[in-house]
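Just so it is clear: chains get the letters A, B, ... in the order the sequence lines come, proteins before strands, and each one is counted from 1.
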Protein chains: 2
Amino acid sequence: MANSVSGDSVVDRVVRVIAAFPEGVSVLRLTELAERAELPLTTAHRLVRQLAEHGLLEISAGGSVRLGLHLWELVVRNSPTLALRQAAMPFMEDIQHVLNQNVNLAVLDGWEALFVERLSRRGSVANRAQIAGRLAVHVSSAGLALMSQQPRSRQGEYLAQFTDPAGKVSTEVLRSLLGEAAHQGYAQLAGVIDPDTWGIAVPVLDSKKRAVAALGVVVPLQEVRLQALVPALQTAARGIGRRLGESQSSADFRSMESL
Amino acid sequence: MANSVSGDSVVDRVVRVIAAFPEGVSVLRLTELAERAELPLTTAHRLVRQLAEHGLLEISAGGSVRLGLHLWELVVRNSPTLALRQAAMPFMEDIQHVLNQNVNLAVLDGWEALFVERLSRRGSVANRAQIAGRLAVHVSSAGLALMSQQPRSRQGEYLAQFTDPAGKVSTEVLRSLLGEAAHQGYAQLAGVIDPDTWGIAVPVLDSKKRAVAALGVVVPLQEVRLQALVPALQTAARGIGRRLGESQSSADFRSMESL
DNA sequence: CCTCCGCTTCCGTTCAATGGTAGGAATCGT
DNA sequence: ACGATTCCTACCATTGAACGGAAGCGGAGG
């Protein structure tokens, strides 16, 4: 079935190699990498070496493998969410400084919210490590805010395939949550991850009124300024949307600007 | 000379495709991508489609190509500098809050300093966009701090190949700059990028006394608290080095922590 | 000294990769 | 309104790059 007995293309294998690293693990031994990528050791070795020659991977002494600096550089400099993050950062900083709460920015990917940027509460030891984290739509205010703005058809697909692995949320409850979020213009969810917190998120709409992201905060349960909080988020979201429209083709001022 | 007339392997081509995006540009039309990657249009098309199937690239309506969210996610979650950034962030935040200046963290890659993280001065509109930026060793305090701690042989290679394209810095001057930096334990450089600023950086040493990074700040020229500034940086750098040692194998507490 | 384990090199076989040609689809200029 | 142009997509015969088992190498451990 192939040059390879397994029938997958070179591209498939390259992808499996660079996707073989488990979350948060940045270094693997070749043998382990081969196992995870389900490749014969010889083949893994060859691919790794080739990729390393281009700086997409790095081979440290002893043969252990990690992602290459060059890959990181390429991806960060051209990341698909670059424009979004640039537009959002000032507003996120504002919110962080005014409210002193965790602020986050997420996009919808499949049936999950993918967190693209995040600012921690000042003073909290929390790092920005888990940007690039994911949460299912139904357990994140960001996810709900995003899904609630999707076209009917998309929401239909989502609800149709939905089953809560934890068995806590019924499709009906979810449907009404989405309806409520769409109607109110924001989504809130009591501490799914941390039981003592609220998550609150509003959609960020681009110039064509499509929800491209969700802007959210996490606040303690006893926080009662919700009335003030939501408008603040919505204002910021509108600001982000506006800047997104402007910066369509202005990815050209490069300038290393005062390092 | 090949299956491909150009004689390069599939891996080579895949790399060229994802490296084809110019800095800061996140979307390319297929034709342009093919040109930049120096691939026949047909081949580029096939590769792009294959990569897109795995989420490493995305094809938006109309055929324009961008890096995929999945790739971004993979790289950010397993980036080779993850541990370094995690260890450094709290200290960088401290410095930022105390000094209210731009703080940056760089590693040495080739003969350049690659900026891995950066915090902007509060209130400045500056975004964190150009993390992943590069500066030549001889024009950045971070680069000098890093190079000054490299083994003699490495410094030798560097100086041997060095020529300043701008013709402003002679190899001799550079050599003495490095010597001075090594002796003092920090490097400073008057505004190479912004003429009204100083760059000051100290090396971050790991448990084996190897310089794995440089921690730096950018301050206005008239700033005179240098005496206080350097010790602050050095203290932070030592702290980072210590945490780096600890977190060798503790990349396991994942926990989505209060989003 | 021998064994084990993991990384690396070698090399004959084979089918996946290649890319020119041609067919759509959309945009532009007049 | 309608050719001209541009760009993306699909097809398919040719061929050398990818494959991976076998064997070599080197160090850690007993």
To the nearest angstrom, the CD-P distance between A:Glu35 and C:dC5 comes to 13 Å
Residues of residues 53-69 of chain A with a heavy atom under 4.0 Å from any atom of DNA chain C, listed by number, are A:Gly62
Sequence neighbours excluded, the answer for side-chain contact (heavy atoms from CB on, under 4.5 Å) partners of A:Arg210 is A:Asp206, A:Lys208
Note to self: Just so I know, are the side chains of B:Arg36 and B:Phe21 near enough to count as touching, which here means a heavy-atom distance under 4.5 Å?
What the structure shows: no
Rounded to whole Å, CZ of B:Arg16 lies from P of C:dA17 at a distance of 16 Å
How about A:Ile18 and B:Leu71: do any of their side-chain heavy atoms sit closer than 4.5 Å?
-> yes
Expected list for residues 43-51 of chain B near DNA chain C, using heavy atoms below 4.0 Å, is B:Thr43, B:Arg46
Whole-Å distance, B:Arg29 CZ to C:dA25 C1', equals 15 Å
Here the distance between atom P of C:dG6 and atom CD of A:Glu32, to the nearest Å, is 10 Å
- Minimum side-chain heavy-atom gap B:Leu39-B:Leu33 below 4.5 Å: no
Separation of D:dG20 atom C1' from A:Leu30 atom CG, nearest Å, is 14 Å
With sequence neighbours left out, the residues meeting side-chain contact (heavy atoms from CB on, under 4.5 Å) with A:Gln50 are A:Arg46, A:Leu47, B:Ser9, B:Val11
Separation of C:dG6 atom P from A:Leu28 atom CG, nearest Å, is 14 Å
Taken to the nearest whole Å, CZ/A:Arg13 to P/C:dC15 is 14 Å
Among C:dC10, D:dA10, D:dA18, the one nearest any side-chain atom of B:Val10 is D:dA18
Sorted by chain and number, sequence neighbours left out, side-chain contact (heavy atoms from CB on, under 4.5 Å) with A:Ser60 holds for A:Ser64, A:Arg66
- Is any side-chain heavy atom of B:Tyr158 less than 4.5 Å from a side-chain heavy atom of B:Gln150? no
Across all chains, not counting sequence neighbours, the salt bridge (charged side-chain N to carboxylate O under 4.0 Å, His left out) partners of A:Glu112 are A:Arg134
- Just say parallel, tilted or perpendicular for the rings of A:His138 and A:Phe162, cut-offs at 30° and 60°. perpendicular
To the nearest angstrom, the CG-P distance between A:Asp12 and D:dC19 comes to 10 Å
